[in-house]
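Structure first, commentary second.
Below, each value reflects all heavy atoms present in this structure, side chains not excepted, and no hydrogens, waters or symmetry copies. Owing to the predicted nature of the structure, the values given are computational and were not obtained by experimental measurement. Numbers here simply count residues along the sequence, with the first being 1.
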Amino acid sequence: MMEDRRSRKSVKAIEDSFFSLIEECDISKISVTEICRRADINRSTFYAHYEDLNQFLDSLEIKIADKLYECTKQYHYDKESGAFMDAMFQLMMNNRHLFSFMFRKDACVIIEPTRKDPFERLSWPGPICF
C-alpha cells in the first residue's frame, strides 16, 4: 500500500513539474533532466515510471482520452446535450493542466505518426491541433 502512495506521489510530481515547465517554454525544449530537477526527484525515479519522455507524453494523452471517454459514456450527446456539455466543461476545469497540454499549438509537434492513437475509441479523430 505504501508503495502505491509513493508511486502516485512521484507521478503527480512529474506531471506537475511538466505542466509548470510548459507554461514557461516550448514542449520541444523540455527534458527529463529538467522535469526531474523541477519535481525534486532523481532521474531513476522518472525512469521507474516511464521508458522515456515520449512514453510520459503518451501517458498524458491516454489520461486525456480516458477521462473524455468516461465522460462521453455517461451521456447521449444528442438527447442530453446540456448535461453532456456541462459534464465536459466540468471535466476540463477539474483537469485544466491536462487539457491545456492538449490544446497547445506545440503539443502536436511531439506526436509521432507511428504511436498508437489513444483517441481512436472516441468519435473524433485525435488531438486537436491549431
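- Using a 4.0 Å cut-off between charged side-chain N and carboxylate O, Lys73 and Glu70 make a salt bridge.
- The shortest side-chain heavy-atom distance between Phe56 and Glu15 falls under the 4.5 Å cut-off.
- Residues Ser20 and Glu24 form a side-chain contact, since some pair of their non-hydrogen atoms from C-beta on lies under 4.5 Å apart.
- Phe19 and His97 have parallel rings, their planes meeting at less than 30° on a 0 to 90° scale where 60° marks the start of perpendicular.
- Looking at Asp52, its side chain does come within 3.5 Å of a backbone N or O of Asn54 through a donor-acceptor pair.
- With rounding to the nearest 0.5 angstrom, the CG atom of Leu53 is 8.0 Å from the OH atom of Tyr47.
- To the nearest 0.5 Å, atom CG of residue Asp58 and atom CD of residue Glu51 are 9.5 Å apart.
- Rounded to the nearest 0.5 angstrom, Ile35 CD1 and Thr45 OG1 are separated by 13.0 Å.
- Looking at every heavy atom in both residues, Lys67 comes nearest to Leu91 through O-CD2, 3.5 Å.
- Salt-bridge formation is detected for the pair Glu34/Arg37: a Lys NZ or Arg NE/NH1/NH2 atom is positioned less than 4.0 Å from an Asp or Glu carboxylate oxygen.
- Residue Asp40 places its CG atom among 12 or fewer non-hydrogen atoms of other residues, nucleotides or ligands, all under 6.0 Å distant.
- Looking at Tyr50 and Val11, their side chains come closer than 4.5 Å, going by heavy atoms from C-beta outward.
- In terms of modelled atom types and a separation under 3.5 Å, the side chain of Ser10 and the main chain of Arg6 share a donor-acceptor contact.
- Annotation: side chain of Cys25 is in contact with side chain of Ile30 (closest heavy-atom distance under 4.5 Å).
- In plain terms, the two heavy atoms of Ala13 and Ala39 that are nearest each other are O-CB, 3.5 Å.
- Taking all atoms of both residues into account, the shortest heavy-atom contact from His49 to Ser7 is CE1-OG, 3.0 Å.
- Atom CE of Met88 sits about 7.0 Å away from atom OG1 of Thr72, to the nearest 0.5 Å.
- Here the CD1-CZ distance, from Ile27 to Phe18, works out to 4.5 Å after rounding to the nearest 0.5 Å.
- Residues Met93 and Met85 do not share a hydrophobic cluster, clusters being chains of Ile/Leu/Val/Met/Phe/Trp/Tyr side chains in contact below 4.5 Å.
- Rounded to the nearest 0.5 angstrom, Gln55 CD and Ile62 CD1 are separated by 8.5 Å.
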